[in-house]
**Student:** 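Right, I'll just put the structure down here and ask away after.
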There are 2 protein chains.
Amino acid sequence: MAEERGSADRAPLSRERVLRAAVALADASGGSGASGASGADGFSMRRLAQELGVVPMALYKHVANKEELLDGMVDMVVGEIGRPAPGADWKSAVRQQILSARSVLLQHRWAARVIESRTGPTPAVLAYLDSVIGTFRDGGLSADLTHHVMHALGSRLLGFSQELFDAGRSTPPPSTPGGSAPDLAGAYPRLAEIAAAAAHDADSAVGGGCDDRFEFEFALDLLLDGIERLHHRGWTSASR
Amino acid sequence: MAEERGSADRAPLSRERVLRAAVALADASGGSGASGASGADGFSMRRLAQELGVVPMALYKHVANKEELLDGMVDMVVGEIGRPAPGADWKSAVRQQILSARSVLLQHRWAARVIESRTGPTPAVLAYLDSVIGTFRDGGLSADLTHHVMHALGSRLLGFSQELFDAGRSTPPPSTPGGSAPDLAGAYPRLAEIAAAAAHDADSAVGGGCDDRFEFEFALDLLLDGIERLHHRGWTSASR
DNA sequence: ACCTGAACACCGTTCAAGT
DNA sequence: ACCTGAACACCGTTCAAGT
């Protein structure tokens with residue numbers, strides 16, 4: 001919400017200004033931010049130019065093409081992720097840094113999808129990964145273990161992430177033309193049971209669903225605890 | 001590569017045929033499959049119609065719009081994921097099912113991104129999740145623990161998944177206009193060290209990089225072991 | 001009644017024409 | 001030399017006109 005609709009500012013349209021406006025526009029456009037599957041996205045070169053009170057072509061003075069614009073937006077967002085305090089032990093330092101990344105990516109909900117759509121990592125992403133790796137290494141983990149651990153932190157184990165749940169809470173699932181109305185409890189009894197259990201102990205969560213922050217920390221700590229144990233046992237990939 | 005360019009087949013264009021051709025086209029179009037950020041994607045309504053030897057509008061007889069087409073494609077792909085053998089213990093049954101999901105999504109590399117772009121889960125996705133949940137529940141895990149465990153399996157802990165690494169192997173990272181040439185080892189020393197360690201013990205991997213299958217199983221087992229331990233200890237979310 | 005070509009409102013990007 | 005409007009090759013989708 002920084003400089004939302006300041007259409008005709010007098011400033012001479014630097015690359016900085018273009019990127020900052022692009023991030024603001026993507027934040028404002030509720031959707032996926034940059035050509036996700038939905039057409040009602042709202043983010044485009046032409047739209048961005050309009051927001052800046054400028055002819056579309058003018059953007060190409062500061063950015064080679066849309067790909068480079070997206071790279072710049074990613075770098076700007078990922079650059080917001082904080083570095084860990086130097087004093088802490090590796091476990092809480094990693095924890096702190098990953099939670100910082102989470103909160104930044106929650107503020108720019110288009111960002112995770114755009115990052116994954118890039119053909120290669122941008123400098124800020126490399127710096128972030130380098131920083132997390134450094135925290136593990138400084139904590140005494142071997143390069144070998146650190147390597148596998150980084151993959152573990154970056155894996156989508158189910159094959160995709162579970163944001164569908166959150167979306168599914170508001171939007172009912174589409175029904176196949178043959179199938180009848182959704183009676184979810186009947187079709188997916190196990191899933192319904194879980195959903196009910198989640199809604200039951202929803203004291204902590206303000207909204208209807210479950211406490212996403214708790215779920216995230218649960219997963220993170222599960223992995224960090226496992227990593228700590230492997231580290232103490234002197235795990236090596238030779239033991240595979 | 002099923003019915004790649006059979007342009008003018010005589011069959012009368014059922015919904016089945018449209019979806020099957022759509023999946024084949026997305027598989028063939030190397031990119032992200034459905035309007036990822038790159039414009040060189042190759043997948044579009046018009047392109048699909050052309051592949052079927054049909055005017056674009058004809059598709060709308062069998063599919064309401066592109067969103068519904070994508071939902072159908074997701075359902076078709078996710079439907080390929082195998083169910084676990086009923087005899088096994090919960091740990092290896094989950095392992096088997098998740099590895100099956102991984103191999104299916106590797107065959108249709110556009111699918112994970114498209115699934116995450118949907119506004120809500122499709123029936124096949126719900127069935128898959130229901131099945132995994134059922135495996136945990138049949139293994140004796142509480143609904144409470146199962147719920148959190150499902151979130152853990154669906155989390156992107158780093159904030160995004162690490163496919164950037166794989167892409168980065170082929171494509172060099174973009175350089176900011178101010179910065180000089182990439183000397184990666186100097187800019188990101190920790191990352192370079194890890195990459196070197198990965199390349200060093202690359203006996204098992206056929207290509208240059210690291211064994212992605214091993215990395216995946218490492219992460220999966222790390223989580224499954226942690227889950228098993230929590231289960232044996234009778235973990236409850238009340239203990240948070 | 002059915003099908004479809006032209007059309008609409010977009011998109012990223014190019015390029016020649018205007019100053 | 002610089003800037004930009006028109007244009008190009010797309011896109012998803014609508015709709016009226018043709019059979």
Side-chain angles (χ1 to χ4, degrees), chain A residues 7-15 17-19 21-22 25-26 28-74 110 113-114 117-119 174, chain B residues 7-15 17-19 21-22 25-26 28-74 110 113-114 117-119 174:
Chain A
S7 329
D9 277 335
R10 213 45 53 194
L13 195 61
S14 64
R15 181 182 161 98
R17 235 169 76 78
V18 169
L19 290 182
L25 176 59
S29 314
S32 56
S35 72
S38 109
D41 199 354
F43 184 88
S44 69
M45 287 286 189
R46 290 173 117 105
R47 184 101 163 64
L48 172 60
Q50 172 186 313
E51 208 75 9
L52 284 161
V54 146
V55 74
M57 224 271 324
L59 299 177
Y60 290 82
K61 269 271 131 60
H62 305 94
V63 159
N65 47 37
K66 194 179 186 181
E67 295 295 296
E68 202 192 281
L69 175 73
L70 292 174
D71 280 339
M73 292 165 69
V74 165
W110 48 272
R113 189 166 10 251
V114 172
S117 78
R118 307 295 69 218
T119 60
Chain B
S7 328
D9 277 336
R10 213 44 53 193
L13 196 61
S14 64
R15 181 183 161 95
R17 233 169 77 78
V18 169
L19 290 182
L25 176 58
S29 313
S32 58
S35 73
S38 109
D41 199 355
F43 184 88
S44 70
M45 287 286 187
R46 292 174 116 104
R47 184 101 165 65
L48 173 59
Q50 171 186 315
E51 208 75 10
L52 284 162
V54 145
V55 74
M57 224 271 323
L59 298 176
Y60 290 81
K61 268 271 131 60
H62 304 94
V63 159
N65 47 37
K66 193 179 186 181
E67 296 295 296
E68 202 192 281
L69 175 73
L70 292 174
D71 279 339
M73 292 166 68
V74 165
W110 48 271
R113 180 151 35 235
V114 172
S117 78
R118 305 297 65 220
T119 59

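Residue numbers begin at 1 in each chain, while the letters A, B, ... track the order of the sequences.
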**Student:** Could you grab the distance from atom CD of A:Q50 to atom CG of A:L25, nearest 0.5 Å is fine?
**Tutor:**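 Rounded to the nearest 0.5 Å, the CD-CG separation comes to 9.5 Å.
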**Student:** Using the closest heavy atom to pick a nucleotide of DNA chain D for each, name whichever of A:V55 or B:N65 lands nearer the 5' end.
**Tutor:**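 Its nearest nucleotide being more 5', the pick is A:V55.
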**Student:** On DNA chain C, nearest-nucleotide positions of A:A64 versus B:A58: which is more 5'?
**Tutor:**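 Its nearest nucleotide being more 5', the pick is B:A58.
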**Student:** Grab the two heavy atoms, one from A:L52 and one from A:A21, that are nearest each other, plus how far apart they are.
**Tutor:**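 For A:L52 versus A:A21, the nearest heavy atoms are CD2-CB, 3.7 Å.
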**Student:** Both distances under 3.5 Å, Watson-Crick or G-U wobble: report the partner of C:dG5, or none.
**Tutor:**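 D:dC15 is the nucleotide pairing with C:dG5.
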**Student:** Is a side-chain N or O of A:N65 found less than 3.5 angstrom from the main chain of A:E68, in a donor-acceptor match?
**Tutor:**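 Yes, because the side chain of A:N65 sits within donor-acceptor range (under 3.5 Å) of the backbone of A:E68.
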**Student:** For A:L69 versus A:A22, what's the shortest heavy-atom pair and its separation?
**Tutor:**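 In this case the closest contact between A:L69 and A:A22 is CD1-CB, 4.0 Å.
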**Student:** For atom P, what is the distance between D:dG18 and C:dC8, given to the nearest Å?
**Tutor:**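 So the two P atoms sit 16 Å from each other.
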**Student:** Mind checking which nucleotides bracket the chain A contacts on DNA chain C, 5' to 3', with an atom under 4.0 Å from a heavy atom?
**Tutor:**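 Both ends considered, the range comes out as C:dC11 to C:dC15.
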**Student:** Take A:M57 and A:R46, find for each the nucleotide of DNA chain D with the closest heavy atom, and name the residue whose nucleotide sits nearer the 5' end.
**Tutor:**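 Between the two, 5'-proximity favours A:M57.
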**Student:** Is there side-chain contact between A:M73 and A:V114, with heavy atoms separated by less than 4.5 Å?
**Tutor:**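 SC-SC contact between A:M73 and A:V114 ruled out.
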**Student:** Scan the side chains in residues 54-64 of chain A for donor-acceptor partners under 3.5 Å anywhere in the protein, sequence neighbours excluded, and list what turns up.
**Tutor:**
residue, atom, partner, partner atom, Å
A:H62, ND1, A:L13, O, 3.4
A:H62, NE2, A:L13, O, 2.4

